[in-house]
Amino acid sequence: VQLQASGGGLVQPGGSLTLSCTASGVILEDYVIGWFRQAPGKEREGVSCISRSGNDPEYVNAVKGRFSISRDTAKNTVYLHMKSLKPVDTAVYFCATVRNYGLGYCLAEWSSDAEYWGQGTQVTVSS
């Protein structure tokens, strides 16, 4: 499974950005997908997770109300829509498949149960 995150860039504080997660040779709808980020000098953390159906997404507290995750099955893409961006959101963002043990949704430990990773995309929030 090969994933690719894209859409990063430089944005001013308060701005918006949408990241895309695409895949080669696999149908993303078959997987629970998570977005993760790693800031310089910090451990990678889970940001958001979406179930196979797209229902009941999960968000880390730091991004609730500002980020939203969605799927477009026709485009085989998972998005992370980010608004009201802050400098602390600066990080390399990754998408990954998340183990769900056949259940199809984001389990409580989803942020530590990623399986297949894609290359990341840099998001820099700065004035």
Side-chain angles (χ1 to χ4, degrees):
V1 178
Q2 289 187 324
L3 305 181
Q4 177 69 52
S6 62
L10 173 63
V11 62
Q12 292 187 339
S16 300
L17 211 56
T18 293
L19 305 183
S20 300
C21 178
T22 56
S24 300
V26 295
I27 300 173
L28 287 183
E29 192 177 12
D30 292 342
Y31 296 89
V32 173
I33 301 295
W35 280 98
F36 300 77
R37 66 185 179 185
Q38 187 165 20
K42 295 190 176 181
E43 292 187 356
R44 189 153 45 188
E45 65 170 346
V47 176
S48 183
C49 178
I50 189 166
S51 65
R52 288 183 58 190
S53 68
N55 296 327
D56 301 321
E58 295 284 339
Y59 300 95
V60 68
N61 285 338
V63 307
K64 283 182 179 177
R66 301 189 298 121
F67 290 13
S68 65
I69 191 170
S70 66
R71 290 183 179 270
D72 186 330
T73 55
K75 295 183 178 180
N76 200 32
T77 301
V78 173
Y79 300 100
L80 184 68
H81 309 277
M82 307 184 294
K83 66 178 183 180
S84 303
L85 282 161
K86 305 175 182 180
V88 295
D89 296 317
T90 295
V92 178
Y93 284 72
F94 303 85
C95 59
T97 62
V98 175
R99 293 185 183 88
N100 63 98
Y101 306 98
L103 297 174
Y105 56 83
C106 307
L107 301 176
E109 299 301 317
W110 67 267
S111 62
S112 58
D113 216 358
E115 187 169 19
Y116 299 107
W117 294 89
Q119 285 187 301
T121 186
Q122 175 71 48
V123 173
T124 302
V125 184
S126 175
S127 55

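Atoms considered below: every heavy atom in the structure, side chains included; atoms not considered: hydrogens, waters and symmetry mates.
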Review point. Should we say atom OH of Tyr59 is surrounded by more than 12 heavy atoms from elsewhere, each under 6.0 Å from it?
Key: yes
Review item, side-chain donor-acceptor pairs of residues 1-27, under 3.5 Å, at least two apart:
residue : atom : partner : partner atom : Å
Thr18   : OG1  : His81   : ND1          : 3.3

Point to revise | Flag side-chain contact, heavy atom, 4.5 Å: Tyr101 against Leu107 | key: yes
Check your understanding: Does Ile33 offer a backbone N or O that forms a donor-acceptor pair with the side chain of Thr97 under 3.5 Å?
Key -> no
Review point. Closest heavy-atom contact between Cys106 and Val32?
Key: SG-CG1, 3.8 Å
Practice item. Please tell me if the side chains of Thr90 and Ser126 come closer than 4.5 Å, counting only heavy atoms from C-beta onward. Key: no
Practice item. Might you point out which heavy atoms bring Asp72 and Tyr79 nearest each other, and give the distance in Å? Key: CB-CE1, 3.7 Å
Review point. Nearest heavy-atom pair of Ala114 and Phe36: which atoms, and what distance?
Key: CB-CZ, 3.8 Å
Point to revise | side chain to side chain donor-acceptor pair (under 3.5 Å) partners for Ser53, two or more places apart | key: Ser51, Asn55
Point to revise | side chain to side chain donor-acceptor pair (under 3.5 Å) partners for Asn61, two or more places apart | key: Lys64
**Study point:** Donor-acceptor contact below 3.5 Å, side chain Arg52 vs main chain Gly104
**Key:** no
Check your understanding: Listed by chain and number, what are the salt bridge (Lys or Arg N to Asp or Glu O under 4.0 Å) partners of Arg99, not counting sequence neighbours?
Key -> Asp113
Review point. Do you reckon Ile69 sits in the same ILVMFWY cluster as Val98, going by side-chain contacts under 4.5 Å, direct or chained?
Key: no
Point to revise | Ser48 side chain reached by Phe67 side chain, heavy atoms, under 4.5 Å | key: no
Check your understanding: If you group Ile, Leu, Val, Met, Phe, Trp and Tyr by side-chain heavy-atom gaps below 4.5 Å, do Val60 and Leu80 land in one group?
Key -> yes
**Study point:** Any pair counted as side chain to side chain donor-acceptor pair (under 3.5 Å), so long as it reaches residues 27-37, sequence neighbours left out
**Key:** Arg37-Glu45, Arg37-Asp89, Arg37-Tyr93
**Study point:** Spacing of CH2 belonging to Trp110 relative to CD belonging to Glu58, to within rounding of 0.5 Å
**Key:** 7.5 Å
Check your understanding: Partners of Tyr105 by ring pair (Phe, Tyr, Trp, His ring centres under 6.0 Å), sequence neighbours excluded?
Key -> none
Review point. Are Val63 and Ile50 joined in one hydrophobic group, where the rule is that I, L, V, M, F, W and Y side chains link up if heavy atoms are under 4.5 Å apart?
Key: yes
Exercise for review: Give a yes or no on whether Gln38 atom CD has more than 12 heavy-atom contacts from other residues, nucleotides or ligands under 6.0 Å away.
Suggested key: yes
